[in-house]
There are 2 protein chains.
Amino acid sequence: MSDTDSLFPETLPPARRRSRRPAAQRTTLADVAHRAGVSLMTASRALSDPRQVSEKLRVKVEQAVAELAYVPNRAARALASARSHAIAVLVPSFSNAVFTDVLAGIQDALGPDGYQLLIGNTRYSSEEEETLLRLHLQSHPAGILLTGLTQNDAVNKMLEVAGIPVVSMMDLSDDPRRASVGLSQYDAGAAMVRHLLSRGYRRIGYLAAQLDERTIKRTEGFRAALREAGLYDPRREVMVPDPSTVALGAELIGRLLANAPDCDAVFCCNDDLAYGAIYQCQRRGIAIPRDLAISGFNDLPTSAWMNPSLTTIATPRYRVGYEAAQLLKRLMAGEEPQTRNIDLGFSLIVREST
Amino acid sequence: MSDTDSLFPETLPPARRRSRRPAAQRTTLADVAHRAGVSLMTASRALSDPRQVSEKLRVKVEQAVAELAYVPNRAARALASARSHAIAVLVPSFSNAVFTDVLAGIQDALGPDGYQLLIGNTRYSSEEEETLLRLHLQSHPAGILLTGLTQNDAVNKMLEVAGIPVVSMMDLSDDPRRASVGLSQYDAGAAMVRHLLSRGYRRIGYLAAQLDERTIKRTEGFRAALREAGLYDPRREVMVPDPSTVALGAELIGRLLANAPDCDAVFCCNDDLAYGAIYQCQRRGIAIPRDLAISGFNDLPTSAWMNPSLTTIATPRYRVGYEAAQLLKRLMAGEEPQTRNIDLGFSLIVREST
DNA sequence: CTGAAAGCGCTTACAG
DNA sequence: CTGAAAGCGCTTACAG
């Protein structure tokens, strides 16, 4: 991005110009004030802090607002007050249920306060993350909620220059400058391996997709726990950068079993992959868990209901969103919380598939 | 909402006041112009329409932008130009894969043009829809993408007053004033019934949740097709307003079979419900489709892979989002498309479950 | 291709 | 509790 052409594109279709519709002006606060018979100032205060205005005038203003169907101009407000009610939220996916739960938590924590959420889907691309952040930074948000700890240099630079509170979600930062709310992906990966080992499985395979930062950490946890048991074998890993889907899980289990037919268990880096793996095994007459144990990660709603039900790691993603938003609120208010990195943990859910 | 207190809440924590940080001013276009040794005007044009500026000056401005890490102030731009690059998008759910696909289509259609998407999740609540629209209208978006045709009176009023192009998604409008891109939910519901009838099923049950406008239309299609065949029996319907989940599907199939144990097929108003119904039947030893046929609606990714695979109606939701965005672009450009209501159809996908 | 002036619709201090 | 003035950071015509 060295070319300013694309930095702040203004390639919109020619809009209606002001001069072409001199009559159809929007109704402004001045119109409201005029109609209510009060000054602009009083009208402004009646809306932004009603307690500063006498009951009588407030009612007049409210009536005028209703009669004129007045809509405040957020741009003018933001410009004059030098602050905004916007919060930028960047997640890597909308189709991954993990992040829709995170968003729900954020919405519940922030919605009641009247914040405008600027939600962006980065599609697991640091370039799209950069583009979206650049775009939303133009709205001068009061705070930023990011997914993961590692951003590209341009993003880190923008964040630093902006000087706006930031909280990272779904992972735990060890950098005191970056606040975070999440869980140890590494520990969670290792925990699943220990469960499989405790069940007696010894030839444990691994299926992973997307290979984002958090998946890599789970992978490291998987490897460390197996190495610790002296059972790590790279032939049992199938890892591809493609987006996780049920279909991909079906394909990857096929590849794994072709490479290492003697696997007695498979840890899938997320539930979608595990669903595909299980369905594919069923098609091939491989009984789960008798012939092969399969486990997932995240505990999506289907996991408890499918047959066999899926052993998995439950991640507190709704709470991650909720608590990250709460932490961000504190930071935006200028507080300095003792804990800027909140570990919400995870839980192993043992079901029929292992 | 008769109280202005809550109309435009300003309940934010006390922000840093301008006077408290006189030095740490944001860098403005004037700073950029100064550094580049050009006038404010030239700097402005270099960013918004580089062709209007000589190569030499443009490069200077670009350098200054980079050196100062300048971020344009969207509020100032919006205020001065009386238009915004924002588009408000309201969907009823993030957890329903249908709408994340719709959002992906919108993102692909609009992203390249540099629009800022103001995405809101109404949670199937017309009150939340109203609140979100009121909020986003303050940003004076250039266009609005809505889910469904029916909004509450306040929303319709706001839409009318705003005079901004609007496109409804996922359904088809018969009101020429409301543009729409979607499919006939009624026809799709009826199509599934005809399929089941053609397979020889005669005692067809129905499971529905959420009961939003589109579900109701599918229900009407279901009923009409059965009445036409002389086979409609209200005892075979189980409908609840709760959100659709796999767990709910498992519960509702239990209720249906308790009420009407002789059903030979069940049409679920969406795939999630169907998954739950199938898993529950498997637990009870009910063979599908031998003992009971089950079908869904939407064709989510799992439907093709589960065992048995699910007969369902595929809806073109990605394309709905994409085409709705395209139509909106035309409307925003002031064009008057011949077709303001685009039927993208649906397709019956017959699989193992029926 | 470049520039000086006016103004977008609000809020912020500062007075009263 | 209420008000007149200034200004937020840009873009829009209008000139040259």
Side-chain angles (χ1 to χ4, degrees), chain A residues 8 10 12 14-22 25-34 36-61 65 68 70-85 137-140, chain B residues 8 10 12 14-22 25-34 36-61 65 68 70-85 137-140:
Chain A
F8 315 113
E10 283 284 346
L12 289 183
R16 306 171 291 191
R17 326 196 131 248
R18 213 170 313 181
S19 57
R20 282 179 55 196
R21 39 160 204 153
Q25 291 296 351
R26 280 174 192 133
T27 105
T28 71
L29 234 204
D31 300 327
V32 171
H34 182 77
V38 303
S39 74
L40 218 196
M41 274 314 345
T42 302
S44 172
R45 281 195 278 256
L47 296 186
S48 53
D49 190 1
R51 290 163 307 177
Q52 284 189 51
V53 173
S54 68
E55 170 77 10
K56 203 175 115 199
L57 292 189
R58 209 198 65 222
V59 171
K60 277 191 184 173
V61 172
V65 164
L68 298 173
Y70 169 68
V71 175
N73 184 323
R74 167 179 286 264
R77 171 178 280 179
L79 188 58
S81 67
R83 55 191 159 124
S84 83
H85 289 187
L137 238 27
Q138 298 179 13
S139 297
H140 289 299
Chain B
F8 315 116
E10 281 284 350
L12 289 182
R16 306 171 292 192
R17 326 196 132 247
R18 213 171 314 182
S19 56
R20 282 181 54 196
R21 37 162 206 154
Q25 290 296 351
R26 277 173 194 136
T27 106
T28 70
L29 233 204
D31 300 326
V32 170
H34 182 75
V38 303
S39 74
L40 218 196
M41 274 312 346
T42 302
S44 172
R45 280 194 281 254
L47 296 186
S48 54
D49 191 359
R51 291 164 307 181
Q52 284 189 51
V53 174
S54 68
E55 170 77 9
K56 203 176 111 200
L57 293 189
R58 208 198 65 222
V59 170
K60 279 190 185 175
V61 172
V65 164
L68 299 174
Y70 169 67
V71 175
N73 185 322
R74 168 179 286 264
R77 172 177 280 179
L79 187 58
S81 68
R83 56 193 157 120
S84 83
H85 290 187
L137 237 27
Q138 298 178 13
S139 297
H140 289 298

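Keep in mind that this is a model prediction, so the values were computed, not measured. Below, read A as the first sequence line, B as the second, and so on, with proteins coming before strands; counting in each chain starts at 1.
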Which heavy atom in [X] sits nearest to a heavy atom in [Y], and how many Å separate them?
X       : Y      : value
H140(B) : P72(A) : NE2-O, 4.3 Å
T27(A)  : L68(A) : CG2-O, 3.9 Å
P50(B)  : S48(B) : CD-C, 3.9 Å
S139(A) : R74(B) : OG-CD, 3.0 Å

Grab the [atom1]-[atom2] distance between [X] and [N] for me, whole Å please.
X      : N       : atom1 : atom2 : answer
R51(B) : dC1(C)  : CZ    : P     : 11 Å
L47(B) : dC10(D) : CG    : P     : 9 Å
K56(B) : dC1(C)  : NZ    : P     : 14 Å
Q52(B) : dC1(C)  : CD    : P     : 8 Å
D31(B) : dC8(D)  : CG    : P     : 12 Å
E55(B) : dT2(C)  : CD    : C1'   : 16 Å
R77(B) : dG7(C)  : CZ    : C1'   : 18 Å
L29(B) : dC8(D)  : CG    : P     : 14 Å

Per N73(A) side chain, nearest of listed nucleotides dC8(C), dT11(D), dC10(C):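 Ranking dC8(C), dT11(D), dC10(C) by closest atom to the N73(A) side chain puts dC10(C) first.
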Look at the side chain of T28(B) and decide which nucleotide, out of dC10(D), dC8(D), dC10(C), has an atom nearest to it.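 Nearest nucleotide to the side chain: dC10(D).
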Respond yes when some side-chain nitrogen or oxygen of [X] is under 4.0 Å from OP1 or OP2 of [N], and no when none is.
X      : N       : value
Y70(A) : dC10(C) : yes
R83(A) : dT12(C) : yes
S44(A) : dT11(C) : yes

Anything under 3.5 Å between a protein N or O and an N or O of nucleotides 3-6 of chain D, put it in a table, one pair a line.
| from | atom 1 | to | atom 2 | distance (Å) |
| --- | --- | --- | --- | --- |
| dG3(D) | OP2 | S39(A) | N | 3.4 |
| dG3(D) | OP2 | S39(A) | OG | 2.7 |
| dG3(D) | OP2 | T42(A) | OG1 | 2.7 |
| dG3(D) | N7 | R45(A) | NH2 | 2.7 |
| dG3(D) | O6 | R45(A) | NH1 | 3.4 |

Atom pair CZ (R83(B)) and CZ (R77(B)), whose distance is rounded to the nearest 0.5 Å: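 Reported value, rounded in 0.5 Å steps: 9.5 Å.
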Can you list everything that forms a side chain to side chain donor-acceptor pair (under 3.5 Å) with S54(A)? Sequence neighbours excluded, please.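 For S54(A) there are no side chain to side chain donor-acceptor pair (under 3.5 Å) partners, ignoring immediate neighbours.
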Watson-Crick and G-U pairing of DNA chain C written in dot-bracket, each distance under 3.5 angstrom, with | for inter-strand partners: |||.||||||||.|||
Quick one: does any side-chain atom of S84(A) pair with a main-chain N or O of A78(A) as donor and acceptor, under 3.5 Å?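 Answer holds: no.
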Counting N and O atoms only, with roles assigned by atom type, does the side chain of S44(A) sit under 3.5 Å from a partner on the main chain of L40(A), one being a donor and the other an acceptor?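 Side chain of S44(A) to backbone of L40(A): no pair is present.
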Partner of V53(B) by side-chain contact (heavy atoms from CB on, under 4.5 Å), out of V38(B), L47(B), T42(B):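 That would be T42(B); it is the only one of V38(B), L47(B), T42(B) passing the side-chain contact (heavy atoms from CB on, under 4.5 Å) with V53(B).
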